[in-house]
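This report refers to the structure that appears directly beneath it.
Predicted model only: the values in this text are computed from it and were never measured.
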Amino acid sequence: MGRKPDAFLLPGSPLGQPKDGVARDVTIFVSSSTRPKDEEHEVVQRLLAAVSSARTMLQLQTARAVVAFDGLGGKPGVTDAMARAYASKIRRVRTALPAHADVLVHEPWVHQANSLRCAMRALPRTPLVFVSQDDVQIAGPVDAAMLAPLLRASLAPRAATRRGSGGKQADVQVEYVRLSQTADCQADG
């Protein structure tokens with residue numbers, strides 16, 4: 001007998017290859033896990049708003065979006081009621097998502113960050129990803145068309161250089177761009 005998979009993909013209807021070069025290069029990942037109020041309508045609405053705001057505010061309406069749900073198998077303290085509410089949340093999100101969004105559901109509890117990592121490994125890669133949690137919305141427009149070439153350039157060999165010790169050239173690689181509404185790193189002064 002074959003081994004039961006750790007996760008299963010509930011794919012949306014294929015949208016085809018996006019025509020927009022930026023959208024073609026980006027996959028939007030939104031992570032989710034069980035919450036105390038999974039049965040409430042607002043929880044699903046916040047998750048859908050997170051996907052929608054990423055697409056709208058980043059101007060990536062045609063980019064692939066994936067909602068990765070962490071599993072419950074092996075998680076301490078999970079009751080039958082919690083499992084039913086979480087399954088209902090997943091079902092309601094899946095039904096309400098746009099046709100060109102996918103849902104990845106993990107069977108075991110792997111933690112939200114690992115759930116994202118597994119989702120990124122399981123799906124075809126794009127050069128760029130946008131990652132968010134299910135309760136986060138982007139508040140203002142971000143010019144993804146301006147950011148994408150800068151991020152793509154950091155992926156190319158010898159994209160940008162800086163002087164290292166001894167005058168050697170070193171590649172500079174952008175690992176992530178954090179979009180924050182608040183300045184959480186204050187300079188002393």
Nearest-0.5 Å distance that lies between atom CG in L58 and atom CZ in R55: 11.0 Å
Transitive ILVMFWY side-chain link I90 to I28, under 4.5 Å: yes
Considering all heavy atoms, the nearest G74-W109 contact: O-CE3, 3.8 Å
Spacing of R92 atom CZ and T95 atom OG1 [to the nearest 0.5 Å]: 9.5 Å
Heavy-atom donor-acceptor pair, S53 side chain to I138 backbone, under 3.5 Å: yes
For Q45, side-chain hydrogen bond (donor to acceptor under 3.5 Å, both in side chains) partners two or more places apart: H41
Chi angles and distances behind the side chain to side chain donor-acceptor pair (under 3.5 Å) call for S88, R84: CA-CA 6 Å; S88 173; R84 279 191 303 276; over 6 Å; no
Qualifying side chain to side chain donor-acceptor pair (under 3.5 Å) pairs with a residue from residues 116-127, counting only residues at least two apart or across chains: T27-T126, N114-R117
Y86 OH to T79 OG1 distance, which is reported to the nearest 0.5 Å: 14.0 Å
Side chains of V22 and L60 in contact at under 4.5 Å (non-hydrogen atoms): yes
Evaluation steps, side chain to side chain donor-acceptor pair (under 3.5 Å), between K89 and S32: CA-CA 10 Å; K89 174 175 118 175; S32 187; 3.2 Å; yes
Atom pair OG/CZ of S115 and F69 - distance to nearest 0.5 Å: 9.5 Å
S31 vs Q112, side chain to side chain donor-acceptor pair (under 3.5 Å): CA-CA, chis, key distance, verdict: CA-CA 6 Å; S31 66; Q112 213 166 348; 2.9 Å; yes
Spacing of T34 atom OG1 and K37 atom NZ [to the nearest 0.5 Å]: 13.5 Å
Taking every non-hydrogen atom, the tightest pair across M82 and G77: SD-O, 3.6 Å
Pair D70 + K75, salt bridge at N-O below 4.0 Å: no
Interatomic distance, L72 atom CG to S33 atom OG [nearest 0.5 angstrom]: 9.0 Å
Same apolar cluster: V142 and L128, side chain cutoff 4.5 Å: yes
Basic-acidic side-chain contact under 4.0 Å: D134, R46: no
V67 and D102: CA distance, side-chain angles, deciding distance, side chain to side chain contact (heavy atoms under 4.5 Å, CB included) verdict: CA-CA 6 Å; V67 179; D102 296 314; over 6 Å; no
Any residue meeting side chain to side chain contact (heavy atoms under 4.5 Å, CB included) with S52, in chain and number order, not counting sequence neighbours: T56
Close side-chain approach of V26 to V129, heavy-atom, < 4.5 Å: no
Same cluster (ILVMFWY, side-chain, under 4.5 Å), V110 and V105: no
Any V30 side-chain heavy atom under 4.5 Å of V66 side chain: no
